[in-house]
Amino acid sequence: MSSLLVTGGAGFIGSNFVRYVLDNTDHHVTVLDKLTYAGHRESLSGLDPQRFTFVQGDICDAPLVGELMTQADAVVHYAAESHNDNSLNDPRPFLDTNIIGTYTLIEAARKLGKRFHHISTDEVYGDLELDDPERFKETTPYNPSSPYSSTKAASDMLVRAWVRSFGLQATLSNCSNNYGPYQHVEKFIPRQITEIIDGRRPKLYGKGENVRDWIHADDHSSAVLTILDRGTIGETYLIGADGEKNNREVVETILTAMGRDSQDFEHVTDRAGHDLRYAIDSTRLRTELGWQPRYTDFQEGISRTIAWYQDNEQWWRPQKEATEAFYAARGH
Ligand code: NAD
Ligand code: DAU
């Protein structure tokens, strides 16, 4: 049994990871989360108090980070400002949390000699043309486009430098777009599902041709546990499940699954600097560490995600009005 410190565990992917770890291992989990607008204590309700501890706090708080890390065997670092549209509106929190927060954690981890796993994104590689036969690999040069992705790229570089300069016992992973339960309604898929529940039309940025490579959050969790168990220190692993779809196809899938005309959507103002296409080649993770995704049927995964939002309105409803006001003010 190990004790894991999970940062950002009250967010979308972090909370799914905590549930996955408690269901599939005998590890103890301590979550450190600031509970920003994106963090929800309710996303972690009902967990076994013998195996789970929640601490509200900031990853930039070095004394708190040091105290919690002393008690942990390993750290899995999810905490971040994660939404591109927010980063275009107000970049500063992205620098604080994604860069200074990561710095604070890796300083503590190297001083205490702790195993560290850094969670990152495929967006650090920039974007691909729609017809490019290539996908992102571990060797693809960094070329981030947005304030969000540039701060994630900076955090990756810090972790890599701490491995080389200080011998930090770290691995890194860069994953594609996740979907599943507990995702904030600001994000594409939950926004469209809840717009339909509220009797409005889904909203596509621009022409809806941008491509994302979708993976279920539980497959991301199983990949992270695999890397934590068997990954090589200092290495980066790309996580993806061959789930490329353009945004229009995703909206059509959601509309059809919810019993609506598949063309009943609208086009809204595009995102500034909108990345065209992301696509992950996860060969390394599959061949070197033996990982495989389980949720490869996107329609089935979307139907279960729709059912979750239909059944858990009390979880997302408090976030919905402010989210839509933010988008309305920007023509989205
Ligand atoms: P999220 O916005 O849903 O959750 C982020 C969590 O971090 C929240 O609980 C928030 O309260 C917490 N947090 C923010 N600032 C903090 C701080 N200073 N101190 C402590 N906690 C803080 O994000 P997510 O979508 O779950 O993403 C989690 C991680 O996965 C991020 O690092 C993100 O870059 C990465 N990632 C996300 C995706 C995706 O599709 N969502 C894909 C690849 C990688
Ligand atoms: O690729 C991994 C990244 O995926 C993560 O690093 C980020 O944290 C995560 O937010 C996500 O970034 P995206 O910008 O790709 O996700 P988002 O859900 O914001 O948008 C997905 C696509 O849908 C994108 O092309 C923009 C488009 N979109 C989004 C919204 C909210 C719309 O067309 N309409 C919308 O209403």
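When a ligand or atom number is given, it counts from 1 through the structure's own listing order. Values below: every heavy atom of this structure, side chains too, minus hydrogens, waters and symmetry copies.
By the criterion of a heavy-atom distance under 4.0 Å, the backbone of Ser176, and not its side chain, is placed next to ligand 1. With a 4.0 Å cut-off on non-hydrogen atoms, Asp96 does not touch ligand 1 at all. At a heavy-atom distance under 4.0 Å, only side-chain atoms of Lys152, from C-beta outward, approach ligand 1.
For atom 2 (O) of ligand 1, the nearest non-hydrogen atom of the protein is Ser82 OG, 2.7 Å. When hydrogens are left out, the protein atom nearest atom 26 (O) of ligand 1 is Ile13 N, 2.8 Å; that is the closest non-hydrogen contact. Of all protein heavy atoms, the one lying nearest to atom 20 (C) of ligand 1 is Lys34 N, 3.2 Å. Ranking protein heavy atoms by distance to atom 33 (C) of ligand 1, first place goes to Tyr148 OH, 3.5 Å. Protein heavy atom at the shortest distance from atom 9 (O) of ligand 1 is Asp33 OD2, 2.6 Å. Counting only heavy atoms of the protein, atom 30 (O) of ligand 1 lies nearest to Ile119 CG2, 3.5 Å. The single protein non-hydrogen atom nearest to atom 29 (C) of ligand 1 is Tyr78 O, 3.1 Å, given as residue, atom name and distance. In this structure, atom 5 (C) of ligand 1 lies nearest to the protein heavy atom Ala80 O, 3.4 Å.
At least one donor-acceptor pair closer than 3.5 Å links the side chain of Asp132 to the backbone N or O of Glu134. For Asn178 (side chain) and Ser176 (main-chain N/O), a donor-acceptor pair under 3.5 Å exists by modelled atom type. Remark: side-chain polar atoms of Glu321 are not paired, donor with acceptor, to backbone N or O of Gln319 under 3.5 angstrom. A side-chain donor-acceptor contact under 3.5 Å links Asp73 to the backbone of Ser3. Formation of a donor-acceptor pair under 3.5 Å by the Asp213 side chain with backbone atoms of Gly243 is found in this model. Asp219 places a side-chain N or O within 3.5 Å of a backbone atom of Arg294 that can act as its donor or acceptor partner.
Taking the six-membered ring where the residue is Trp, Tyr327 and His332 present perpendicular rings, their angle passing 60° and hence far from 30°. Between Trp308 and Tyr182, the ring planes are tilted. Angles from 30° to 60° get that label. The aromatic rings of Tyr142 and Tyr125 stand perpendicular to each other, their planes meeting at an angle above 60°, with 30° marking the opposite boundary. Under the 30°/60° scheme for interplanar angles, the aromatic rings of His40 and Trp315 are found to stand perpendicular. His118 and Phe116 have parallel rings, their planes meeting at less than 30° on a 0 to 90° scale where 60° marks the start of perpendicular.
The closest approach between Ser43 and ligand 1 stays at or above 4.0 Å for every heavy atom of the residue. Residue contacts with ligand 1 include Gly57, since one of its heavy atoms falls under 4.0 Å from the ligand. Ligand 1 lies within reach of Ser120, whose nearest heavy atom is under 4.0 Å from it. In this structure, Asp58 has a heavy atom closer than 4.0 Å to ligand 1.
A salt bridge links Arg277 and Glu244; the closest N-O separation between the charged side-chain nitrogens and carboxylate oxygens is under 4.0 Å. Remark: Arg19 does not engage Asp23 in a salt bridge, criterion side-chain N to carboxylate O under 4.0 Å. Taking the charged nitrogens against the carboxylate oxygens, Asp61 and Lys34 have no contact shorter than 4.0 Å, which rules out a salt bridge.
Within the model, atoms CD1 of Ile254 and CZ of Arg191 stand 12.0 Å from one another, a figure rounded to the nearest 0.5 Å.
In terms of N/O distances under 3.5 Å, ligand 1 is not approached by Cys60. Taking only nitrogen or oxygen atoms, main chain and side chain alike, Thr97 reaches within less than 3.5 Å of ligand 1. Between Ile59 and ligand 1, at least one N/O pair is under 3.5 Å apart. Between Glu81 and ligand 1, no pair of N/O atoms sits closer than 3.5 Å. Close N/O approach between His220 and ligand 1 is not found [any backbone or side-chain N/O within under 3.5 Å]. The distance criterion of under 3.5 Å between nitrogen or oxygen atoms is not met by Lys187 with respect to ligand 1. On a distance-only criterion, Cys175 and ligand 1 share no N/O pair closer than 3.5 Å. In terms of N/O distances under 3.5 Å, ligand 1 is not approached by Asn177. Residue Glu186 places no N or O, backbone or side chain, under 3.5 Å from any N or O of ligand 1. The distance criterion of under 3.5 Å between nitrogen or oxygen atoms is met by Phe12 with respect to ligand 1.
The hydrophobic clustering, which links ILVMFWY residues whose side-chain heavy atoms are closer than 4.5 Å, places Tyr78 and Leu228 together.
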Evaluate the salt bridge (charged side-chain N to carboxylate O under 4.0 Å, His left out) criterion for residues Glu195 and Lys203: first the C-alpha distance (whole Å), next the side-chain angles of each, then the deciding distance (0.1 Å), finally the verdict. CA-CA 9 Å; Glu195 284 293 87; Lys203 293 165 179 66; 2.7 Å; yes

Test salt bridge (charged side-chain N to carboxylate O under 4.0 Å, His left out) applied to Asp311 and Arg304, step by step: CA-CA 10 Å; Asp311 294 345; Arg304 278 190 296 115; over 6 Å; no

Which protein N or O atoms sit under 3.5 Å from any N or O of ligand 2? Give atom names and distances.
from	atom 1	to	atom 2	distance (Å)
ligand 2	1 (O)	Asp122	OD1	2.5
ligand 2	1 (O)	Asn177	OD1	2.7
ligand 2	4 (O)	Asn177	OD1	3.4
ligand 2	4 (O)	Asn177	ND2	3.0
ligand 2	6 (O)	Thr121	OG1	2.7
ligand 2	6 (O)	Tyr148	OH	2.6
ligand 2	8 (O)	Ser82	O	2.8
ligand 2	8 (O)	Tyr148	OH	3.0
ligand 2	10 (O)	Ser82	O	3.3
ligand 2	12 (O)	Glu123	OE2	2.8
ligand 2	14 (O)	Asn84	ND2	2.9
ligand 2	14 (O)	Arg271	NH1	2.6
ligand 2	15 (O)	Asn177	ND2	2.9
ligand 2	15 (O)	Arg212	NE	2.7
ligand 2	18 (O)	Phe188	N	2.9
ligand 2	19 (O)	Arg271	NH2	2.8
ligand 2	23 (O)	Asn247	ND2	3.4
ligand 2	25 (O)	Arg212	NH2	3.3
ligand 2	25 (O)	Asn247	ND2	2.9
ligand 2	25 (O)	His274	NE2	2.7
ligand 2	33 (O)	Tyr205	N	2.8
ligand 2	34 (N)	Lys203	O	2.8
ligand 2	36 (O)	Arg191	NH1	2.8
ligand 2	36 (O)	Gln192	NE2	3.1
ligand 2	36 (O)	Lys203	O	3.4

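In summary, the atoms of ligand 1 found under 4.0 Å from a heavy atom of Gly11, numbered by their order in the structure, are 3 (O), 4 (O), 6 (C), 8 (C), 9 (O). For ligand 1, the atoms lying closer than 4.0 Å to a non-hydrogen atom of Leu35 are 11 (O). Atoms of ligand 1 lying under 4.0 Å from any heavy atom of Gly39, numbered from 1 in the order shown and given with element: 8 (C), 9 (O), 11 (O).
His184 pairs in a ring-ring contact (aromatic ring centres under 6.0 Å, His included) with only one of the listed residues (Trp316, Tyr309, Tyr37, Phe326), which is Tyr37.
The side-chain heavy atoms of Leu225 and Phe17, taken from C-beta on, include a pair separated by under 4.5 Å.
Among Thr36, Val55, Asn178, the residue whose heavy atom lies closest to atom 40 (O) of ligand 1 is Asn178.
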